[in-house]
Colleague: 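The structure's right below; bear with me while I get my questions together.
In each ligand, atom 1 is the first atom listed, and ligand 1 is the first ligand listed.
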Amino acid sequence: MTSNNALQEFMGLCQSRAEAALDCRLPAENRMPERLHQAMRYSTLGGGKRLRPLLTYATGKALNIAPEILDGAATAVEMIHVYSLIHDDLPAMDDDALRRGKPTCHVAFDEATAILAGDALQALAFHVLAHDPSIAVPAENRIAMIECLATACGSHGMVGGQAIDLDSVGKILDLPALENMHIRKTGALIRASVNLAALAKNPIETVQADRLDHYAKCIGLSFQIKDDILDEESDTQTLGKTQGKDRDHNKPNYPALLGLAGAKQKAQELHEAALDSLSGFGDEADLLRELSRFIIDRRN
Ligand code: GRG
């Protein structure tokens, strides 16, 4: 099993790698329309855990794919994530003023610019998947990657989950309904972060792809459960975003349904199921194992 030091080192390297890969793919601040490009760069660069790129690179490690080939996929998935954060923070949605420890995009710029910055990041993500020379895979794999990301972020995935979330404020959801919402809202993009790397492997055995997909489903849900736990237990400074919003907005969440101890137990069970999914892999999947542990142990 990879040591915690090895995980820290991998995380540091991949975070720097993702930062540089994003930096060179984002439009320059002085390029027209400047304010839009400044907003895109403001929200994307210099913050966040980069969990989704980390998962893409760690899946690459498990499949013996060089990180250079995955830069396009890793940046595309992070661009979609950042667009979702910008739009989620808007007054029409969560109406939040703090994200990644700094003012949200619509506060630092304005609402219209924030909407456009999110839109443009989404378009750029697909442009990267379609054209980026780093993605050295056959055309059919590239198309499959575009389809994978589109499905993950569309109305059957992240945006659909967000719609269910907005509709469920003040309602009581049972566990299957809550899971269904989170599998879409947060889980789908986490799943895509792993599956995009699997699609860069040519050919990949179906059994290997299925195992990775199951791992990704488990950690997608454990990530959200931990997010709900942190929303209850942590503080605004540590989180870099407003704490206690679920309770304040009367949103259904795991601690409310299962209790804090029950939610922690459920996250632990999902971590163990994620590890089981990787049982056919050797040491090369240790970073994925450690990332699953990191997801349920993280402090922000
Ligand atoms: C508005 C299109 C649209 C979708 C919104 C995913 C989502 C759907 C909204 C994000 C808002 C949110 C706080 C969701 C809860 C889980 C989550 C995605 C938290 C933030 O992800 P982290 O912890 O953030 O990976 P960093 O900043 O580290 O990248």
Side-chain angles (χ1 to χ4, degrees), residues 11 14-15 18-19 22 42-56 74-75 77-106 111 114-123 125 149-150 152-169 178 181-193 219-232 234 236 238-246 248-249 251-255 267 291 294-300:
M11 286 176 75
C14 288
Q15 282 158 346
E19 184 78 11
L22 286 162
Y42 170 85
S43 290
T44 309
L45 297 175
K49 295 179 287 299
R50 307 292 191 212
L51 175 67
R52 292 147 194 85
L54 284 169
L55 285 166
T56 304
T75 48
V77 82
E78 185 69 9
M79 284 172 191
I80 295 288
H81 172 56
V82 174
Y83 126 67
S84 82
L85 298 179
I86 295 174
H87 281 196
D88 187 64
D89 290 332
L90 286 166
M93 300 218 195
D94 246 14
D95 194 8
D96 221 317
L98 189 69
R99 171 69 64 186
R100 293 178 163 176
K102 60 185 188 182
T104 45
C105 193
H106 67 277
E111 237 179 281
I115 292 170
L116 294 176
D119 292 343
L121 281 168
Q122 175 167 213
L149 191 61
C153 65
S155 65
H156 298 297
M158 185 182 76
V159 170
Q162 178 79 346
I164 299 171
D165 191 3
L166 292 171
D167 192 49
S168 63
V169 173
L178 188 67
M181 174 173 88
H182 286 308
I183 282 170
R184 293 163 193 258
K185 184 182 143 182
T186 338
L189 197 60
I190 288 180
R191 202 169 153 195
S193 309
I219 61 164
L221 204 49
S222 68
F223 173 89
Q224 184 58 51
I225 296 173
K226 180 68 182 185
D227 215 68
D228 287 357
I229 293 168
L230 287 171
D231 191 66
E232 278 288 319
S234 191
T236 297
T238 311
L239 291 178
K241 61 180 182 181
T242 314
Q243 180 264 343
K245 294 247 357 180
D246 284 356
D248 294 352
H249 287 195
K251 277 193 175 182
N253 61 43
Y254 286 93
L291 280 170
F294 166 79
I295 282 171
I296 61 164
D297 283 349
R298 69 201 163 96
R299 301 175 70 85
N300 68 13

Colleague: Quick check on side-chain hydrogen bond (donor to acceptor under 3.5 Å, both in side chains): which of His182, Arg184, Lys185 does Asp165 satisfy it with?
Modeller: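 The single option meeting the side-chain hydrogen bond (donor to acceptor under 3.5 Å, both in side chains) with Asp165 is Lys185.
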Colleague: In terms of residue, atom name and distance, what is the protein heavy atom nearest to atom 4 (C) of ligand 1?
Modeller: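 I find the closest protein heavy atom is Ser84 CB, 3.7 Å.
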Colleague: Just verifying a value: how many Å separate Asp88 CG and Tyr83 OH, rounded to the nearest 0.5 Å?
Modeller: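 The OH atom of Tyr83 is 10.5 Å from CG of Asp88, to the nearest 0.5 Å.
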Colleague: Taking distance alone, with N or O pairs closer than 3.5 Å, would you say His87 contacts ligand 1?
Modeller: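 So ligand 1 has no N or O lying under 3.5 Å from an N or O of His87.
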Colleague: Check Lys226 against Ile295 and note the closest heavy-atom contact, atom names and distance.
Modeller: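 Closest approach of Lys226 to Ile295, heavy atoms only: CG-O, 3.2 Å.
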Colleague: Is there at least one pair of N or O atoms, one from Lys49 and one from ligand 1, spaced under 3.5 Å apart?
Modeller: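 Yes; the residue has a nitrogen or oxygen that sits under 3.5 Å from a nitrogen or oxygen of the ligand.
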Colleague: Could you go through Ile86 and Gln122, starting from their C-alpha distance and side-chain angles, then the distance that decides it, and tell me whether this counts as side chain to side chain contact (heavy atoms under 4.5 Å, CB included)?
Modeller: CA-CA 11 Å; Ile86 295 174; Gln122 175 167 213; over 6 Å; no
Colleague: For atom 17 (C) of ligand 1, find the nearest protein heavy atom and state the residue, atom name and distance (0.1 Å precision).
Modeller: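 Residue, atom and distance for the closest contact: Phe223 CE2, 3.8 Å.
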Colleague: Can you find an N or O of Glu78 that's nearer than 3.5 Å to an N or O of ligand 1?
Modeller: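 Between Glu78 and ligand 1 (N or O atoms, distance only) the closest approach is not under 3.5 Å.
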Colleague: Could you check whether any side-chain heavy atom of Arg50 comes within less than 4.5 Å of a side-chain heavy atom of Cys14, counting everything from C-beta outward?
Modeller: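 Answer no - side chains too far apart.
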Colleague: Taking non-hydrogen atoms only, is Leu189 closer than 4.0 angstrom to ligand 1 via side chain, backbone, both or neither?
Modeller: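 For Leu189, no heavy atom sits under 4.0 Å from ligand 1.
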Colleague: How far is atom 2 (C) of ligand 1 from its nearest protein heavy atom, and which residue and atom is that?
Modeller: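 Residue, atom and distance for the closest contact: Tyr83 OH, 3.4 Å.
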Colleague: Under 4.0 Å from a heavy atom of Val159: which atoms of ligand 1 are those, numbered in the order shown and with their elements?
Modeller: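 Matching atoms, with element in brackets: 2 (C).
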Colleague: Tell me: protein heavy atom nearest atom 8 (C) of ligand 1, and distance?
Modeller: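 Going by distance alone, atom 8 (C) of ligand 1 is nearest to Gln162 OE1, 3.4 Å.
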Colleague: What residue and heavy atom of the protein are closest to atom 11 (C) of ligand 1, and at what distance?
Modeller: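 For atom 11 (C) of ligand 1, the nearest protein heavy atom comes out as Asp88 OD2, 2.9 Å.
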Colleague: Let me confirm one number: the CD1-CD distance from Ile183 to Gln224, rounded to the nearest 0.5 Å.
Modeller: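 So the gap between those two atoms works out to 11.0 Å.
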Colleague: For ligand 1, which atoms, with element, lie under 4.0 Å from some heavy atom of Gly48?
Modeller: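 Answer, ordered by atom number: 26 (P), 27 (O), 28 (O), 29 (O).
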Colleague: For atom 24 (O) of ligand 1, what's the nearest protein heavy atom and its distance?
Modeller: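 Minimum-distance protein heavy atom for atom 24 (O) of ligand 1 reads His81 NE2, 3.5 Å.
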Colleague: Main chain of Phe223, side chain of Arg298: is a donor-acceptor contact present, judged purely on distance under 3.5 Å?
Modeller: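 Present.
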Colleague: Quick test: of every protein heavy atom, which one is nearest to atom 18 (C) of ligand 1, and how far off is it to 0.1 Å?
Modeller: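 Looking at atom 18 (C) of ligand 1, the protein heavy atom closest to it is Thr186 CG2, 3.6 Å.
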Colleague: Nearest 0.5 angstrom please: Ile219 CD1 to Ser193 OG, how far?
Modeller: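 Reported value, rounded in 0.5 Å steps: 8.0 Å.
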Colleague: Would you mind running through ligand 1 and noting each atom that sits below 4.0 Å from a heavy atom of Arg100?
Modeller: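 What qualifies from ligand 1 is 26 (P), 27 (O), 29 (O).
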Colleague: Roughly how far, to the nearest 0.5 Å, is the OG1 atom of Thr104 from the CG atom of Leu98?
Modeller: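 That separation rounds to 7.5 Å.
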Colleague: Hey, what do you get for OG1 (Thr186) to CZ (Arg191), rounding to the nearest 0.5 Å?
Modeller: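 One gets 13.5 Å once the value is rounded to the nearest 0.5 Å.
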Colleague: For atom 6 (C) of ligand 1, state which one of Gln224, Met93, Arg52, Lys185 supplies the nearest heavy atom.
Modeller: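 Answer by nearest heavy atom: Lys185.
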Colleague: Could you name the option among Asp227, Val82, Asp94 that has the heavy atom nearest to atom 15 (C) of ligand 1?
Modeller: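 The nearest heavy atom belongs to Asp227.
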